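Below is one structure, written out as structure tokens, with a few remarks after it.
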Amino acid sequence: MATPCVRQVVRSMWHFRHINGKSAALVQGILHFSSSRQCNGAVKPKKDELKAASQWKLYGAVCLQRLPLVSQDPHPVEEKFADLLHQLEVERSFLSDHEVRLLEDAERLSRKQEGEFDSDDEDLANQEIITAQDEEDAWEQKLKRFQPALRARGAADEEHSSVGRCLAESLVLLVQRGVEVGGGAERERVWMLPQLPWSPGETLRETAEKALATLPGTDLQARFLGNSPCGVYKYKFPTSLRSESCVGAKVFFFKALLSGGTRPTSEPGAFAWVRKSELKDYLKPDYLKQAERFVLEL
Amino acid sequence: MSSLLTRVVSTLLPRQNAMPCSAAAFVRCSHWFASVLSLKSSPPLRAEPRKKKKVDPRREIMARERLKKRLRKLEKVPPEFIPIEDFITSAKCFDEMRVRSEPRLSFEESERRALLHKEWTVFKHAQHQAEMAAIKGAMEAQRQALEELRLESEELYQAALAPDPGLFPFTQQGPSYTPPLENYEPPEGTYHDKTKVYTQ
């Protein structure tokens, strides 16, 4: 009797090592709980019974990313090196037609001014009325007349609910949900990636797609990247909410890229488009630890 | 008439037999003369006129064609190679007038360049390591997710492993330097394609 109990305990320990952020005491408590439950049960608990005993509620969640629309600002080292490369390229090159023309015009001008200009000698056929310098100035004027859109919008970048903020970085969609906290307390509003409980008869990817489609007040078109989840968050319910059939929940995340959609019309507090560096201001520590692994800022 | 005949005979025949018999006998001696009266029909004159063979015009035509064929073979030139413009160095590159004067780098400048190179290698190395670590972390997270899913249900696990047919071919518009302008009207005009097209 002792050996199978020990074996079960060892296996459970291996499972529970994956629970993140739980204190050692809590883990010990859980170990005692599970081992006593199994040892008191049938003579030799089978693997299926073990699975059925600690069942987890499944959720499908979507990690919707809006990829950057504008290139990143270069790092100071990158800027300096780019300048150096440009300098080297110019030094090692030959003179272009335009530069040759500039030099010739300058030379001709200097000769005119010094009075050594002999109009019979000069090759009048090749001369043009508009000098190269004039052309350059005209081009610059034309460029100045064109006003491109701004790369960084300044204050508008701080508005977390707008999808057009921080064009140079990729953003992730977060929603706020009421989560039941045990002990009779009211629901706590927690920020998380949009998720939906899994119902039997569909794949988890379909659950995630539904989670995105059923977001109130907006319709976002997304492209899902593959059928397999990119990450998982496993957590146990508070002791008061636990039951025989469900101990906790596993949330499987699926990656998707934003491809279009209208602005959300619901209250502004419900959505947030955040950069990876701002995730820590929104998500709970355990959740954040898992989410940071698959949200790439490359 | 007979005197003429005698004279003809005497010139034609050799004078071995001097004149034993008379002219008439002479005439009858030779087989050339079938009858006395029939004259002046030598074999070449008696033969039928040569008929023009029908094959001849065809033979001439064929001879002409053979000559033409030989001419054409000589004229056949192998097709010229299409020039690859990238491999042809333009004459402007060999123009000595276009060479820039070599810049004289001060000691500080060369030092600065060398140090900047080193800074760059360190920066890029760190960037690469960070990228590799991030990708590895993401892959590990996915592997753990699939592991957890397998523990839950084999069916869902197999569904997750199935390939997604709608994913490829995958296209995504990359970032530009400035975002697109709203209500922008591009200038009117068409492109004229001036690429040189060579045919062999």
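Just so it is clear, the values below take in all heavy atoms, side chains as well, and ignore hydrogens, waters and symmetry mates. The model shown is predicted, which means the values in this text are computed figures rather than measured ones.
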I'd like to know whether B/R100 forms a salt bridge (charged side-chain N to carboxylate O under 4.0 Å, His left out) with A/E91, so could you lay out the CA-CA distance, the side-chain angles of the two residues, the decisive distance to 0.1 Å, and finally the verdict. CA-CA 7 Å; B/R100 275 181 218 272; A/E91 280 173 15; over 6 Å; no

Please determine whether side chain to side chain contact (heavy atoms under 4.5 Å, CB included) holds for the pair A/W198 and B/L156, giving the CA-CA distance in whole Å, both sets of side-chain angles, and the decisive distance to 0.1 Å. CA-CA 11 Å; A/W198 172 75; B/L156 285 175; 3.8 Å; yes

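A salt bridge does not link A/E99 with B/K92: none of the charged nitrogens is closer than 4.0 Å to a carboxylate oxygen.
Contact count against chain B (heavy-atom pairs under 4.5 Å) is highest for A/F252 among A/F224, A/F254, A/F253, A/F252. When each of B/L146, B/I135, B/L149, B/L167 is checked for heavy-atom pairs under 4.5 Å with chain A, B/L149 comes out on top.
In this structure, the portion of B/E109 lying under 4.5 Å from any heavy atom of chain A is its side chain and not its backbone. For A/V100, the part sitting under 4.5 Å from any heavy atom of chain B is the side chain, from C-beta outward, and nothing else. Only the side chain of B/P103 comes within less than 4.5 Å of a heavy atom of chain A; its backbone N, CA, C and O stay farther away.
A donor atom on one side chain and an acceptor atom on the other are not found under 3.5 Å apart for B/Q142 and A/R293.
Looking at heavy atoms from C-beta onward, B/D95 lies out of side-chain contact with A/L95 at the 4.5 angstrom threshold.
By the 30° and 60° cut-offs, the orientation of the rings of B/H117 relative to A/F81 is perpendicular.
When all heavy atoms are compared, the tightest approach of B/A138 to A/L296 is CB-CD2, 4.1 Å.
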